[in-house]
Amino acid sequence: MTKIQLFLRLNRIKNFSDTLFHRIFVQDMKMENETVSKILDNLNPEQCRAVENYDHTALIIAGAGSGKTRVLTHRIAYMIEQGVPVRSILALTFTNKAAREMRERVDALIGERSRYLWLGTFHSIFAKILRFEGKALGYADNFTIYDQEQSRTLIGKIIKEMNLSDETYKPRDVQSRISLAKNNLITSAAYEANASLVGQDREQRRPHIFEIYKRYDARCRAANAMDFDDLLVNVNILFRDFPEVLAKYRDRFKYMLVDEYQDTNYAQYLILRRLASGEGGSRLCVVGDDAQSIYSFRGAKVENILLFRNDFPDARLYKLERNYRSTQTIVNAANSVIDNNKHKIGKQSYSENDFGEKIAVLRAYTDSEEAQMVASAIRTSVRSAGIGWDKVAVLYRTNAQSRALEEALRRNNIPYRIYGGRSFYDHKEIRDMLAYIRLIVNPKDDEAFLRIVNYPARGIGDVTQGRLRTLATEHGVSIWEALASLTPESPEWKTLGAKVKEFVALISEISLSRTDKSLYEFGLMVATRSGILNALTLAGPDGADAKANVEELLNSMQEFTKEKSQLPAEEGEPTEPTIEEWLQNVALLTDMDKESDGAARVTLMTVHASKGLEFDTVFIVGLEEQLFPSLKSMGDEAQLEEERRLFYVALTRAERQATLSFAQTRYKWGNTEFCRPSRFLKELDQRYLDIRFDPDEDNEENPLERLRRQHSENSRSSEGGYGARRYGGASGSRYGGYQPKQAAKPQPERPRPITPANPASLRKIGSPSGSAAAAAVPLDAPKVGDRVIHAKFGPGNVVEVEPLATDLKVTVEFDNPSAGKKTLLNKFAKLQRL
DNA sequence: CGGCCCCGCGTTTTT
DNA sequence: CGCGGGGCCG
């Protein structure tokens, strides 16, 4: 402690002479006297060096919680104070959230000058560059950005049009194949010529992928659209084929800073290298941690950080190894797991904080019990530590795990917020709204046209749509362009039905009005004139959530206008945002970016989504083999190591307290599966664990017995009346059902009991046969030849029994000929022996 | 042409 | 279990 203080002091003295000149200089620039010292204050010696030496290429290896954002933001602030023009700095992050946080922190250090800083995600910055420069590549500046959903839909359509089976060519797989190629800058032509890729496809019996890729590219281009990967690919092509454009940006961005460098893929890496190489290339400063590389599945290359100094031999290396975030217990425990990885840079993360509490390990029989235990533990923690709900996070490997947790939290009246999973922008009504706007902004976007030409229903069906497409093909333009080019005199116009003409008039009307309206007014017009708002109103209660979502979208337009006027992207740029800008911004947003309403809530998210965040108390759930580590990583050492890094990321989110849990059975696809505890639990140095169950306790209880008991427990708990509604809240946003505490007063609104007035909640709860079956004997293990009765199909004979992992498959020949022979799962069939 | 019903499939992780 | 797509009927 004292050593470090001394070190700091010496360092400060050394710095002083270096910075004296700048202080005087800076004071001349009307800076607050204290600012310089403030920026170098509160940095440890290594951090300080990384900030001061901003004029050198730098590789900063920053362990979890070691203050990497701090270094980045201080480096930016310091540079600006040293007189580096704001416009010559480019800072890149992976997520909007990280970008926003960085901007806030830079802003806090140097004030409003930060507003002209180019700071954003790779994708948003590159989209911006392409908006300015895309012409060179044949794109108009109003190009559409397809998110993965839209791109997958288009790929699916192409597969169908090519008469390929979507069994062998699953759009999802084809998309990931194309994405992989694009990440590595392999064009469709190059793909076709690439023996290795084509060979792999052959082996998988999918030899036509390159052709799908070709057509997909052609379609995107014709629609003036780019997918996420294209944003990177096209900037590469731009910089490769147009040296003058590259020179322009290289001259402009004298300094580049990159966050989470370990997650860059080849395309991103090459763009950075292009800008940073050569005489007068940008000074590149990258920050990352190989131990937190968790995105190789989407093309990230850890090698980029491992080999950075080969690419930039004069780079200075800084290692930030002290973790300021977590207790020693957490840091040491995390290290003990990551030590099992062979593939890593030597870096010793350490903490000088308290030892803190041990890491609790909980065992549950079922996933729902696990959720309940976590909910109770959250209550206990929050109460004993006196912290707010928002200091707690529950992290899981897959989004699917959130459901059980949500239910438990709601049941325990714990406020929560879920990130990820189905995002706001995935809702149909939002996509519909966006499709209208996309079509108006970009008339080449046929996908948008086809999506909304008959929504809300206006009598323009498949046949008519087919004719319109033919019309467009004949003219060699998009559908809307073809329609818009027709005059009332042209013979083709006369062949159109009245309904199509009305649609043309509608879109023209909205389109014409956009110049003299604010963003919000325009959005409102789209919502009303399209008929979307009306259709949702007519849908009654079913449409209420959707309607609220549309309203929220409109609000976000106002919000965007407000932000934009505070934050012009460029000096001299108009502050009134255009619809194009809004649309491109929205295309790059995710659920993570929705701002919270300020209420303190427990955070639920995947481990991936939690990277870069920190919480006082963290629960990591579902620590089971084949879940975490995931089934798909098993058997592949590299992927297993990535899972281990993922676990490392999860554990190092915790500042003070971490709890790990696993269940012994888990519902999967409507089936109960048995699980074994994760290997990561065994790899953890046991000294740091507080195991809250008896490991010697008999684990080998008769599985059937346990299953039966769980089953009755489950049906009992589901009778509590918490219906299947997952998302409360009118907006459809995923805020948890939370009642402000009202002492012991009854809560009239929720949870809703099942009453006959609410028949929907009765759906599928409990046995359909009800008490009528009580007379018969429950049948646990049916045998061939048994005479049984089924609630719906009546009596019959068991003709076949096949044991499954966790259940029995029973085939019954029913007496009733209309029921015939049926194969049933014993667990659900509720057969009774006669 | 639209609405309804049934079937089949999905679970890694995300800009 | 829940959603989306496809098929069938009105």
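Sequence lines set the chain letters: A, B, ... in the order given, protein chains first and strands last, and positions in each chain run from 1.
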Residue whose closest nucleotide on DNA chain B lies nearer the 5' end, A:I460 versus A:R152: A:I460

d(CD1, A:I294; C1', B:dT15) in whole Å: 13 Å

Ring-face cation of A:K632 near A:F297 (centre distance under 6.0 Å, axis angle within 45°): no

Separation of C:dC3 C1' from A:R431 CZ (nearest whole Å): 15 Å

Sugar-phosphate only, base, or nothing, as touched by A:Q148 at under 4.0 Å among non-hydrogen atoms: base

d(OH, A:Y455; C1', B:dC1) in whole Å: 17 Å

Touch class at under 4.0 angstrom, heavy-atom based, for A:V607 against every strand present: nothing

Sugar-phosphate, base or nothing in reach of A:K499, heavy atoms under 4.0 Å: nothing

Distance, rounded to the nearest Å, where A:R666 contributes CZ and C:dC1 contributes P: 18 Å

Distance test, side-chain N/O of A:K160 to OP1/OP2 of C:dG6, below 4.0 Å: yes

Cationic tip of A:R417 above A:Y419 ring, under 6.0 Å, 45° of axis: yes

Below 4.0 Å: OP1/OP2 of B:dT13 and any side-chain N or O of A:N399: yes

Cationic N near anionic O, under 4.0 Å, A:R451 to A:E149: no

B:dT14 phosphate, OP1 or OP2, under 4.0 Å from A:T95 side-chain N/O: no

Touch class at under 4.0 angstrom, heavy-atom based, for A:F94 against every strand present: sugar-phosphate

Nearest-Å distance for atom pair NZ/C1', residues A:K128 and B:dT15: 17 Å

Nearest-Å distance for atom pair OH/P, residues A:Y425 and B:dT14: 17 Å

Pair A:E370 + A:R666, salt bridge at N-O below 4.0 Å: yes

From B:dG2, B:dC1, B:dT14, nucleotide with atom closest to A:H608 side chain: B:dT14

Step-by-step side chain to side chain donor-acceptor pair (under 3.5 Å) determination, A:S151 to A:Q148: CA-CA 5 Å; A:S151 114; A:Q148 82 276 14; over 6 Å; no

Rounded distance (Å) that lies between atom C1' of C:dC1 and atom CZ of A:R403: 6 Å

Residue closer to the 5' end of DNA chain B, A:Y295 versus A:K170 (nearest nucleotide): A:K170

Ring centres under 6.0 angstrom apart (A:F680, A:F662): no

Touch class at under 4.0 angstrom, heavy-atom based, for A:N454 against every strand present: sugar-phosphate

Length of the CG-C1' vector between A:D636 and B:dT13, whole Å: 15 Å

Touch class at under 4.0 angstrom, heavy-atom based, for A:R172 against every strand present: sugar-phosphate

Sugar-phosphate, base or nothing in reach of A:T464, heavy atoms under 4.0 Å: sugar-phosphate

Sugar-phosphate, base or nothing in reach of A:L627, heavy atoms under 4.0 Å: nothing

Stacking of A:F297 on B:dT13 base (centres under 5.5 Å, planes under 30°): yes

